[in-house]
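So the structure is just underneath, and the comments pick up after that.
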Amino acid sequence: MTHAADMPVWAALLIAFFLLAGSALTLAGSIGLVRLKRFYDRLHPPTLGSSGGVIGIVIAFTLFFSMLESTLVLQAFLIFVFVGVTTPVTFMLLARAALFRDRADGSGDVPAAARREGEEPPTAQA
């Protein structure tokens, strides 16, 4: 098979499903990043959006080009490996840096689960 027009309908629908699912996850992560107010709340949606979105798009890419070239194409999984490893690690390091900064500044924005034992959040002065 040399053209996408020659692809069977079932394969095109499967590829479209994974492509739309990956795109929807990426969009949901982007919307979560924009809509949430606090920094700590903003960390989770982009991580899930980018990792889940990349999985769907890589599966669609692999299926499409494997059907087109009649051989298994696995180069795109390298993209997933690199994004899947770097995104969570990056966001974890960002969270730790922000937590360190907020603790040093005495900010009340530190999540309750991340406070040191016996430490109380600063009270607002009127």
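None of the values given here were measured: they were computed from a predicted structure.
- To the nearest 0.5 Å, atoms OG1 (Thr87) and CG (Leu48) are separated by 10.5 Å.
- For the pairing with Ile15, the side-chain contact (heavy atoms from CB on, under 4.5 Å) check across Phe64, Phe61, Trp10 returns one residue only, Phe64.
- Inter-residue side-chain proximity for Lys37 and Asp41 is flagged as unmet; no heavy-atom pair is nearer than 4.5 Å.
- In terms of the side-chain contact (heavy atoms from CB on, under 4.5 Å) criterion, residue partners of Leu14 (sequence neighbours excluded) are, by chain and number, Phe18, Leu63.
- The two residues Met7 and Ala12 have their closest heavy-atom pair at SD-N, 4.2 Å.
- Annotation: the span from Leu43 atom CG to Leu36 atom CG amounts to 10.0 Å, rounded to 0.5 Å.
- Follow the hydrophobic side-chain contacts under 4.5 Å out from Met67 and you reach Phe77 in the same cluster.
- Grouping the Ile, Leu, Val, Met, Phe, Trp and Tyr side chains by contacts below 4.5 angstrom, directly or via other members, places Leu25 apart from Val83.
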Please list, one pair per line, the donor and acceptor atoms closer than 3.5 Å that link side chains of residues 50-59 to other protein atoms, with sequence neighbours excluded.
| unit_1 | atom_1 | unit_2 | atom_2 | d |
| --- | --- | --- | --- | --- |
| Ser50 | OG | Pro46 | O | 3.0 |
| Ser50 | OG | Thr47 | O | 3.3 |
| Ser51 | OG | Thr47 | O | 3.1 |

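- In the hydrophobic cluster analysis, where Ile, Leu, Val, Met, Phe, Trp and Tyr join through side-chain heavy atoms closer than 4.5 angstrom, Met92 is grouped apart from Phe82.
- The two residues Gly32 and Pro45 have their closest heavy-atom pair at CA-CB, 3.9 Å.
- Between Phe39 and Ala98, the shortest heavy-atom distance links the atoms CE2-CB, 3.3 Å.
- Cluster annotation: Leu99 and Phe91 are assigned to the same hydrophobic cluster (Ile/Leu/Val/Met/Phe/Trp/Tyr, side-chain heavy-atom contacts under 4.5 Å, transitive).
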